[in-house]
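This structure is a prediction, so every number in the text was calculated from the model and none was measured. Below, read A as the first sequence line, B as the second, and so on, with proteins coming before strands; counting in each chain starts at 1.
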Protein chains: 2
Amino acid sequence: MTPPQRTAGATLDEVAERAGVSRATASRVLSGDPRVSDRAREAVRTAASALSYVPRQAARSLATRRSDALAFVVAESGDKFFADPFFAGVLRGAQVAAAERRRQLLFVVVANDDDRTRLEEYAAGGHVDGAMFLSVHGNDPLPGRVHRLGVPVVLAGRPANPRVGIPYVTADNVTGGRLAAQALLARGSLRPATVCGPCDMTASLDRLAGFRAELAENGIDLPSTAVTEGDFTISGGHRAMERLLESGERPDAVFAANDLMAVGALRALRARRIRVPDDVAVVGFDDVPLAADADPPLTTVRQPLEVMGRHMARMLMDLADGGQTTSATLAVELVTRTSA
Amino acid sequence: MTPPQRTAGATLDEVAERAGVSRATASRVLSGDPRVSDRAREAVRTAASALSYVPRQAARSLATRRSDALAFVVAESGDKFFADPFFAGVLRGAQVAAAERRRQLLFVVVANDDDRTRLEEYAAGGHVDGAMFLSVHGNDPLPGRVHRLGVPVVLAGRPANPRVGIPYVTADNVTGGRLAAQALLARGSLRPATVCGPCDMTASLDRLAGFRAELAENGIDLPSTAVTEGDFTISGGHRAMERLLESGERPDAVFAANDLMAVGALRALRARRIRVPDDVAVVGFDDVPLAADADPPLTTVRQPLEVMGRHMARMLMDLADGGQTTSATLAVELVTRTSA
DNA sequence: CTGAAAGCGCTAACAC
DNA sequence: GTGTTAGCGCTTTCAG
């Protein structure tokens with residue numbers, strides 16, 4: 001294993017020498033410290049660009065004890081992660097916010113225990129100034145462990161058992177569930193059903209709770225045979241819908257806890273020649289691009305994905321900069337298309 | 001901006017002291033150097049875990065001049081990236097290979113010029129030991145720039161103008177195009193057409209060239225009206241298929257340069273009540289999970305996605321470790337389902 | 001406003 | 001085998 005032969009790359013000392021100032025002054029200029037004479041500033045800038053100087057992060061990081069990088073962690077198998085445009089929206093928002101403050105966003109998928117360990121070491125190694133966790137199931141210990149290491153952490157979604165000191169950002173899932181119910185009710189549904197999300201995620205539970213509550217308030221009961229659990233994937237939604245159709249009486253409306261499952265449900269219905277929305281109305285959740293493309297276009301509850309990402313990144317940076325933050329619950333809205 | 005208050009975290013000195021050895025010995029133990037007495041090794045290990053010591057990467061990196069991290073760079077808008085399961089496959093392979101050699105994989109999406117600059121600085125800053133680039137369009141200068149910085153680079157896909165010193169990994173796209181043609185020919189197609197990929201990507205060009213060559217060798221000409229460009233997305237494939245149907249005589253078979261576009265084509269056909277494969281046979285490319293789920297299931301040319309990712313990561317690590325590598329072209333195979 | 005000097009935490013010769 | 005000694009490149013008091 002020969003040593004890596006990276007082209008040397010100018011050092012701050014060289015820049016300073018060329019500019020005829022001390023390394024300290026050069027450092028000040030490059031980090032935007034105002035107390036430097038214009039003359040020196042100019043000289044350093046010129047020298048730096050002449051040498052195409054790029055600061056060595058490791059050195060800076062060692063001295064400052066910060067990395068200027070944020071981890072965007074998805075605790076999910078790779079496929080599921082990629083298959084769901086939900087993440088893309090959040091990631092984009094986070095990316096933008098990070099860029100605003102000149103932070104690099106590092107994207108990490110942890111699919112197994114090895115990955116988890118590696119991430120933990122990575123975070124503990126001071127490689128990131130903070131980590132945001134997406135798709136946290138149940139009581140995943142990872143965020144807590146990283147937090148305990150002293151690394152700022154922000155969660156997407158309300159944690160099952162509120163962890164002290166770990167703030168989160170979530171959409172107002174309960175209201176979202178209610179909106180879905182209202183949409184179905186508005187179409188005159190009398191036998192609604194739902195394909196809910198994994199029971200180990202609060203987002204699933206909250207949506208279901210809101211849905212059920214709204215129905216109850218309108219005098220409609222949601223029997224357990226009308227509730228079936230999906231896994232937030234298209235095929236999971238498909239299977240869940242089939243289960244719903246096979247057991248007991250056919251529902252006249254169904255709320256799928258995310259758009260992917262709603263699309264799966266749509267497919268199951270079409271396979272049986274059941275018309276949507278005439279025979280069965282369908283409402284999804286998220287409003288990912290796929291929803292508008294679905295056949296028929298999907299009525300869904302929109303979560304502000306990009307805003308969520310942006311918010312999480314900002315919270316994390318505030319925390320990393322020694323500030324405070326508090327959790328946030330973001331509003332959702334119903335987007336009416338033709339499926340309900 | 002108060003200083004980040006990371007919990008101190010034990011240092012190597014502390015571990016050494018507690019173990020009653022010198023820092024050098026402690027370092028040796030922790031980095032697996034064999035020339036250490038068992039006694040010392042044991043003591044250091046105990047001390048380290050008692051203090052829950054975690055090495056500070058910045059310090060190590062500064063001393064070793066390496067970061068043990070690899071960048072997985074996707075030069076594409078976020079959505080497109082996420083929408084295409086192609087990337088998921090490659091990423092998974094890369095992840096596995098990186099893990100094998102204890103490297104952290106950093107995932108970066110560069111969607112605009114700002115992102116590019118930031119990535120370049122990041123790489124120049126010595127934050128990664130190498131970078132693999134996916135979805136490289138035409139003459140994107142980014143990989144070349146990073147390479148010129150002295151950072152090992154590997155490309156997914158054959159570059160348009162072979163860059164000296166930048167190795168790549170690609171599927172055998174020409175053969176893939178031929179296989180697609182053979183599949184269509186086998187169904188007796190006489191008027192095949194194709195939805196090709198973006199013309200600024202060699203993968204598109206190669207697939208088209210192979211397709212055309214195979215047809216020609218079988219006495220079939222591919223007129224320009226039977227070739228339409230898509231953008232590797234579902235909706236792009238949909239639109240392209242419509243263009244194909246509207247212009248001139250209807251084709252009796254179509255080769256879409258990736259599965260996403262093939263699915264779009266399937267939809268366009270269904271919208272017009274054109275039966276697949278009876279009226280028009282369809283062949284895709286990639287063999288992403290979606291292909292098997294399509295209606296009807298898609299016949300497609302499989303690329304070994306995970307193998308490609310694994311290979312790229314290994315090449316990069318070999319390069320980073322001072323070794324040599326050469327480009328590789330991986331075999332593809334036809335997966336026959338019902339669409340052709 | 002600027003420079004000198006002291007680290008940040010770790011690795012890697014080099015001696016013993 | 002193990003300890004000593006230099007740095008790696010940058011920031012940051014502390015004087016001036």
Option from B:Leu30, B:Val15, B:Val29 for which side chain to side chain contact (heavy atoms under 4.5 Å, CB included) with B:Arg45 holds: B:Val29

Proximal nucleotide (of D:dC10, C:dG3, C:dA13) relative to the A:Tyr53 side chain: D:dC10

Ring geometry between B:Tyr122 and B:His127 (parallel below 30°, tilted from 30 to 60°, perpendicular above 60°): parallel

Separation of atom CG in A:Leu30 from atom C1' in D:dT11, rounded to whole Å: 12 Å

Sugar-phosphate, base or nothing in reach of B:Ala40, heavy atoms under 4.0 Å: sugar-phosphate

A:Arg56, nearest nucleotide to its side chain (from D:dG9, D:dT2, D:dT11): D:dG9

B:Pro34 or A:Pro55, whichever maps to the more 5' nucleotide of DNA chain D: B:Pro34

Closest to the A:Thr11 side chain, choosing from C:dC10, D:dG9, C:dA4: D:dG9

Between P of D:dG9 and CD of A:Glu14, the distance in whole Å: 8 Å

For atom CZ of B:Arg66 and atom C1' of C:dA12, their distance in whole Å: 14 Å

Rounded distance (Å) that lies between atom C1' of D:dC10 and atom CZ of A:Arg65: 14 Å

Parallel, tilted or perpendicular, as decided by the 30° and 60° cut-offs, for the rings of B:Phe72 and B:Phe107: parallel

A:Ala24 vs B:Ala59, nearer the 5' end of DNA chain D by closest nucleotide: B:Ala59

Candidates D:dT11, C:dT11, C:dG3 - which lies nearest the side chain of B:Arg60: C:dT11

Side chain to side chain donor-acceptor pair (under 3.5 Å) evaluation trace for B:Asp318 with B:Thr325: CA-CA 7 Å; B:Asp318 288 345; B:Thr325 337; 5.3 Å; no

D:dT2 phosphate, OP1 or OP2, under 4.0 Å from B:Ser37 side-chain N/O: yes

B:Thr25 vs D:dT2: side-chain N/O to OP1/OP2 distance below 4.0 Å: no

Rounded interatomic separation in angstrom, taking CD from A:Gln57 and C1' from D:dG9: 12 Å

OP1 or OP2 of C:dT11 under 4.0 Å from side-chain N/O of B:Ser27: yes

Within 6.0 Å of CZ in B:Arg145, more than 12 heavy atoms from elsewhere: no

Candidate nucleotides C:dT11, C:dG3, D:dC10, ranked by approach to the side chain of B:Leu12 - the nearest: C:dT11

Protein-nucleotide distance (A:Asp33, atom CG; D:dT12, atom C1'), rounded to Å: 10 Å

Atom-pair distance (CZ on B:Arg28; P on D:dG1), nearest Å: 11 Å

Selection from D:dT5, C:dG9, C:dG7 that lies nearest to any side-chain heavy atom of B:Ala63: C:dG9

Integer-rounded Å distance: D:dC8 P and A:Leu62 CG: 13 Å

